[in-house]
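Taking it in order: structure first as structure tokens, then the write-up.
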Amino acid sequence: MRKPDKKYLGGGLLLLAATLIIVFFQVQNKTSSAPGSLIYEKQCAACHGRDGNGLRALYPPLKDSHYLHAGVAEFPCLVRGGIRGPFTGADGTFNQRMPAFRQLTGEDIMQLMVYLKTRWGKAKHDTSLETVEQWLMSCP
Amino acid sequence: MIKTGGSGFRLQQCLPTSITLVFWICVITLLTLPAGCTTEEREPLPVINTISVPYTFMDQDGQPVSQQLFDGNIYVADFFFTSCPTICPIMKSQMLRVYEAFREQQGFLLLSHTIDPVHDTVEVLHDFAERLQVSASRWHMVTGPKEQIYATALLYGLGAAEDKNAPGGFIHSGSFCLVDRQGRIRGYYRGTEEEAVDRLINDIRFLLDEKT
């Protein structure tokens, strides 16, 4: 029996690699249909970036943000109340106005936090609906 | 009658080689297709209108900015406001790509007009530009009397208006306007779309090479 020709083996591997690269980029570009993802794309991504990196010193990053780690309890009130004027947080000092997203329910914010934590948060904080509602009740 | 001896053996050897050859020709053709397109002679960009703004505005460094500053320069103009919560952040991140692509390019400028001059004073624009880490020598962010800025938007063919029901209180076009060295509008590009801004960057390069 003849052994497979190395020429064809190389071509096959090339095709396989090309297919894998295409599939990889399609998966990367696919927007998740999770509720939190849709809220992020609609309400947050314009400033904080689809990649979560923000924009230089103008808009703060959400990727690895303090508010997805130790400061997670402050997150719901920041979203609900917005920010006006200079704001110094653990991620630096920023001076853009963030709208108050009063239309977002506790469940919306919970879904957003689940999405953000899954994507960029490392610490496993409790962000159940009950906990988020409690944090919202203590907003200034 | 077909001979199946020596010629049959040759056919077996020859057929896979032909398939391989066709495969590689297809791959090479596909890979070289975009390069082939770019080397073709391009049509000149259309001349849409000639612009001449009769007003003088102030930029983020408090310097007066009038049409004379742009004479002989290629530039991109747009309209925004710093507290805009919707399309402006995307427009600014895309304009930043244009800025970075031509930051060392002589004869090229950017011009962003605020449509909220009550809030966007020289100081606010200065802080905005500083945080964006851009230089006023290349990218002018200007403010001035509201009616003059709105009239200027019309001259550029871009819409801007107050709207209390809109997020942030204003509505405006998200397009970038490309103007050549003679003050002629040569194209409009959606400032919220990466592909459109890629096209803008290519068109700026094309205009830079265009003989005046």
Side-chain angles (χ1 to χ4, degrees), chain A residues 1-19 21-22 29 39-62 78-79 81-88 91-104, chain B residues 9 12-13 15-28 30-31 60 80-97 99-100 112 116 119-121 123-134 139 141 166-170 174 191-195:
Chain A
M1 191 179 168
R2 290 181 62 192
K3 288 181 182 177
D5 196 316
K6 283 184 181 175
K7 283 187 294 187
Y8 309 134
L9 194 64
L13 284 172
L14 192 73
L15 275 175
L16 183 67
T19 309
I21 288 168
I22 290 165
N29 291 332
I39 294 168
Y40 184 77
E41 288 293 324
K42 189 175 176 192
Q43 310 288 2
C44 318
C47 294
H48 297 289
R50 296 186 79 179
D51 56 6
N53 286 324
L55 186 62
R56 299 198 169 171
L58 200 58
Y59 305 116
L62 282 179
L78 288 176
V79 172
I83 301 166
R84 291 176 75 93
F87 172 79
T88 301
D91 300 321
T93 301
F94 298 90
N95 194 22
Q96 285 308 110
R97 187 187 299 174
M98 181 173 121
F101 295 96
R102 293 193 188 89
Q103 76 279 18
L104 294 183
Chain B
F9 176 74
Q12 273 185 335
Q13 291 287 313
L15 191 65
T17 310
S18 304
I19 292 169
T20 310
L21 192 65
V22 168
F23 169 77
W24 283 114
I25 287 170
C26 288
V27 169
I28 291 164
L30 285 170
L31 287 174
Q60 69 266 38
F80 83 115
F81 59 110
T82 63
S83 58
C84 167
T86 52
I87 60 171
C88 304
I90 303 170
M91 289 171 70
K92 286 294 148 281
S93 66
Q94 290 299 322
M95 192 69 106
L96 196 58
R97 291 180 57 221
Y99 174 86
E100 292 297 346
S112 292
D116 183 12
H119 177 266
D120 291 343
T121 58
E123 292 74 25
V124 169
L125 291 177
H126 184 85
D127 181 69
F128 190 89
E130 198 169 67
R131 289 177 179 281
L132 209 51
Q133 295 154 21
V134 299
W139 187 348
M141 296 184 187
F170 299 88
T192 52
E193 291 177 10
E194 193 171 335
E195 294 79 10

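Values below: all heavy atoms of this structure, side chains included; hydrogens, waters and symmetry mates excluded. Computed from a predicted structure; not experimentally measured.
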Smallest heavy-atom separation, A:Gln96 atom then B:Thr82 atom, equals NE2-O, 2.7 Å
Gap between atom CZ of A:Arg97 and atom NE2 of B:His119 - 0.5 Å precision: 4.5 Å
A quick test of your reading: do over 12 heavy atoms of other residues, nucleotides or ligands sit less than 6.0 Å from CZ of A:Arg84? no
Using heavy-atom distances under 4.5 Å, tell me whether B:Ile87 contacts chain A through its side chain, its backbone, both, or neither. neither
Starting at CZ of B:Arg131, measure out to CG of A:Asn95 and round the result to the nearest 0.5 Å. 5.0 Å
Can you see which heavy atom on B:Pro85 is nearest to which on A:Pro99, and at what distance? CB-CG, 3.6 Å
Candidate list B:Pro89, B:Cys88, B:Cys84, test side chain to side chain contact (heavy atoms under 4.5 Å, CB included), partner A:Cys47, passing option: B:Pro89
Side chain from CB out, backbone as N, CA, C, O: work out which of these in B:Thr192 comes under 4.5 Å of a heavy atom of chain A, or both, or neither. neither
For the side chain to side chain contact (heavy atoms under 4.5 Å, CB included) test, which of A:Asn53, A:Leu55, A:Leu58 pairs with B:Ser93? A:Leu55
Is a side-chain N or O of A:Arg56 found less than 3.5 angstrom from the main chain of B:Leu132, in a donor-acceptor match? yes
